[in-house]
Amino acid sequence: MNRPIRTLSVGCLILFVALMLNLTYVQFFKASWYNDRADNRRVTEEAYSQQRGDILVGKKAIATSKPSDDKYEWQRTYPGGKKYAPITGFMSYSYGQTGIERSQDSVLSGQDNKLFTNRLVDLVTNSEPAGGNVELTIDSKVQDAAYEGLTALGEDVQAATVAIEPKTGRILAMASTPTFNPDKLATHDFGSAKKSYDQLAKDDNEPLLNRSIQTALPPGSTFKLVTAAAAIENLGMDGDSKVYGGASLDLPGTDTDLPNLNGTSCGGEEITLTRALEVSCNTAFGSLGMELSDEEMQDQAEAFGFGQDYLDDIGPLAVSQYPDNDGKAEQARAAIGQQSVIATPLQMAMVSAGIANGGEVMKPYLVDRVTSSSLDVIDQGNPTTIDNQPAVSQDTAEILTQMMVSTVDNGTAEAAAIDGVSVAGKTGTAQSTKERAPYAWFTSFAPAENPSIAVAVMVQKSGTERSEIAGGRLGGPIAKAMMEAAIS
């Protein structure tokens with residue numbers, strides 16, 4: 001073989017090897033990347049060629065697929081409507097997926113490895129392939145109460161609420177307002193879907209946002225539960241321990257004082273820790289924040305879940321934060337849930353749930369079971385703690401519970417009181433800026449002696465007069481209705 005032919009042969013061999021390597025790279029290593037691309041219409045259209053699994057609350061489908069009368073074989077529909085939209089999200093040809101539709105897509109589409117046997121059986125029996133079903137932990141009665149409570153606040157309201165089963169971490173309700181109609185985004189009339197999406201995307205109230213998990217704001221006085229926990233754990237205090245209760249607290253290194261909401265004392269220069277929680281005394285908890293180290297406060301917040309991404313079943317999750325504070329003045333403000341402390345409604349529900357569960361904070365979860373199209377159980381939710389160590393001791397949890405019960409019976413959280421039931425609760429009103437109204441918070445659990453539900457309510461914006469905004473007034477009745485629904 002002469003030299004030119006040999007050179008050409010070697011060149012062709014190199015090109016062939018390069019082609020095979022590139023083909024292997026594209027089809028094996030990059031397959032998932034291409035499949036996940038939003039502009040991969042082949043994958044998108046394939047998703048509409050087979051029946052997608054249901055999203056269920058109890059035995060009722062809140063998201064399902066039905067045969068379509070257009071070029072696409074199946075139409076995604078949402079019987080759960082606006083009430084469940086922040087949870088289900090939507091499946092849209094043009095705008096992809098959100099919520100459970102996105103996080104559980106591999107199951108719902110039938111592509112998950114857990115459903116391999118079912119896919120194999122469908123292939124052998126020549127049956128139409130179908131996706132798996134996702135059963136949620138939601139209690140429909142609690143969800144009804146949550147949604148009705150939020151919508152009763154009126155129009156142009158931004159608010160959210162979450163309920164958790166303390167012993168397991170099961171999410172019993174998750175509601176956010178304003179919300180949206182997912183059917184309008186899932187329609188095969190793409191012009192109509194675009195119009196609806198553009199309206200939602202431009203809405204200043206952000207109806208596509210799930211505020212239960214995606215909005216983190218200063219939690220205000222509900223955070224005093226974390227401060228009280230740190231004081232009991234690190235300073236050896238209990239409900240009868242004496243704390244400062246004066247009208248204002250001098251903040252070192254500043255020209256300002258930390259006042260109480262009404263500008264008066266909380267009942268004297270010295271009051272009990274229980275009384276401080278009952279009346280939500282800023283000066284008492286600000287003083288405790290300065291007495292505790294910033295590290296002790298940060299450790300306590302993190303023990304309840306701050307700084308962690310603990311929700312796997314749906315997302316994205318806004319991470320609650322207790323950041324470092326520079327100096328005693330900042331520590332005092334942080335101790336009352338201001339400064340740079342931020343929390344989601346889910347996080348504050350976890351604080352109450354952790355106290356209710358004797359100090360152990362369970363990892364919240366939303367997917368109860370995964371079943372095949374033939375209803376065989378493929379996967380089951382498994383209760384676990386977020387940490388190997390309890391957030392507080394059993395004794396501390398009992399002290400905090402007694403203090404929270406007293407806050408409902410004798411203090412600011414009376415709006416959550418239920419006849420014949422011992423309820424534990426805490427209010428919060430977080431200041432924002434002079435230009436916007438405060439945020440109203442409420443968190444509670446019941447029955448106090450054997451808790452089955454822990455709740456957090458956050459009202460970010462409402463038409464309420466600034467002077468009338470309070471966590472107990474706005475959030476208390478919603479929390480009460482949700483707790484009643486769970487224990488009835």
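Given the structure is predicted, the values throughout are model-derived calculations rather than measurements.
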Point to revise | SB check Arg52 Glu101 (cutoff 4.0 Å) | key: yes
Review point. Taking C-beta and beyond as the side chain, do Asp312 and Lys363 meet within less than 4.5 Å on heavy atoms?
Key: yes
Review point. Parallel, tilted or perpendicular: which describes the rings of Phe223 and Phe306, with under 30° parallel and over 60° perpendicular?
Key: perpendicular
Practice item. Could you walk me through whether Lys426 and Ser280 pass side chain to side chain donor-acceptor pair (under 3.5 Å), step by step? Key: CA-CA 8 Å; Lys426 180 70 189 82; Ser280 201; 2.9 Å; yes
Check your understanding: Are Glu233 and Thr396 close enough that a side-chain donor and a side-chain acceptor fall under 3.5 Å?
Key -> yes
Point to revise | Exam field: side chain Asp257 to backbone Ser248, donor-acceptor pair closer than 3.5 Å | key: no
Study note, to complete from the structure: Minimal heavy-atom distance between Ala163 and Val142, with the atoms involved, is CB-CG1, 4.0 Å
Study note, to complete from the structure: For Ile399 and Gly239, the nearest pair of non-hydrogen atoms, with its separation, is CG2-N, 3.7 Å
Point to revise | Within-4.5 Å side-chain heavy-atom neighbours: Ile87 and Leu136 | key: yes
Check your understanding: Can you list the steps and then say if Ser68 with Asp70 is a side chain to side chain donor-acceptor pair (under 3.5 Å)?
Key -> CA-CA 6 Å; Ser68 176; Asp70 53 36; 2.6 Å; yes
Revision key, fill the gap. Closest non-hydrogen contact found for Ile164 with Ala353 is CG2-CB, 4.3 Å
**Study point:** Heavy-atom pair of closest approach, residues Ala446 and Val421
**Key:** CB-CG1, 4.3 Å
Point to revise | salt_bridge(Asp183, Arg76) N-O dist < 4.0 Å | key: no
Practice item. Could you tell me whether the side chain of Ile171 reaches within less than 4.5 Å of the side chain of Ile314, counting heavy atoms only? Key: no
Review point. Do side-chain atoms of Thr137 reach the backbone of Val367 as a donor and acceptor pair under 3.5 angstrom?
Key: no
Check your understanding: Side chains of Thr187 and Ser192: donor-acceptor distance under 3.5 Å anywhere?
Key -> no
Review point. With no hydrogens and no angle check, do the side chains of Asn262 and Thr264 hold a donor and an acceptor under 3.5 Å apart?
Key: yes
Point to revise | Sub-4.5 Å side-chain heavy-atom contact between Thr168 and Met362 | key: no
Exercise for review: Measure the shortest side-chain to side-chain distance between Leu209 and Thr215 over non-hydrogen atoms and say whether it is less than 4.5 angstrom.
Suggested key: yes
Check your understanding: More than 12 foreign heavy atoms under 6.0 Å from CG of Leu261: is that the case here?
Key -> no
Check your understanding: Can any side-chain N or O of Gln347 pair as donor or acceptor with the backbone N or O of Phe304 at less than 3.5 Å?
Key -> yes
Review point. Does the gap between the ring centers of Phe190 and Tyr93 come in under 6.0 Å?
Key: yes
Exercise for review: For residues Lys328 and Asp250, determine if any side-chain heavy atom of one lies less than 4.5 Å from a side-chain heavy atom of the other.
Suggested key: no
Review point. More than 12 foreign heavy atoms under 6.0 Å from CD of Glu295: is that the case here?
Key: no
Check your understanding: With distance as the sole criterion, is a donor-acceptor pair present between the side chains of Asp324 and Gln298 under 3.5 Å?
Key -> yes
Point to revise | Cationic N near anionic O, under 4.0 Å, Arg275 to Glu278 | key: yes
Review point. How are the rings of Phe90 and Phe180 set relative to one another: parallel (under 30°), tilted (30 to 60°) or perpendicular (over 60°)?
Key: perpendicular
Review point. Is it the case that more than 12 heavy atoms not belonging to Asp309 sit under 6.0 Å from its CG atom?
Key: yes
Exercise for review: Would you name the heavy atoms of Thr283 and Leu258 that are closest together and state the gap between them?
Suggested key: CG2-O, 3.5 Å
Check your understanding: Tell me, do Lys194 and Tyr95 make a side-chain contact under 4.5 Å, heavy atoms counted?
Key -> yes
Exercise for review: Decide whether Asn450 and Lys167 meet the rule of one side-chain donor and one side-chain acceptor closer than 3.5 Å.
Suggested key: yes
Practice item. Could you tell me whether the side chain of Thr222 and the main chain of Trp441 form a donor-acceptor pair under 3.5 Å? Key: no
**Study point:** Working for side chain to side chain donor-acceptor pair (under 3.5 Å), residues Thr443 and Ser352
**Key:** CA-CA 7 Å; Thr443 188; Ser352 278; 2.6 Å; yes
**Study point:** Considering all heavy atoms, the nearest Ile213-Leu346 contact
**Key:** CG2-CD2, 3.9 Å
**Study point:** No-hydrogen, no-angle side-chain donor-acceptor test under 3.5 Å, Asp105 and Gln97
**Key:** yes
Check your understanding: With a 3.5 Å cut-off and no angle check, do the side chains of Tyr322 and Asp294 form a donor-acceptor pair?
Key -> yes
Check your understanding: If you measure only the distance, is there a donor-acceptor pair under 3.5 Å linking the side chains of Asn282 and Asn260?
Key -> no
Check your understanding: In terms of side-chain heavy atoms, does Lys224 have a donor or acceptor partner in Ser221 at a distance below 3.5 Å?
Key -> yes
**Study point:** Polar side-chain atom of Gln331 near backbone of Gly289 as donor-acceptor pair, under 3.5 Å
**Key:** yes
Review point. Salt-bridged, Arg170 to Asp368, with N to O below 4.0 Å?
Key: yes
Check your understanding: Under 4.5 Å between any side-chain heavy atoms of Lys461 and Val157, yes or no?
Key -> no
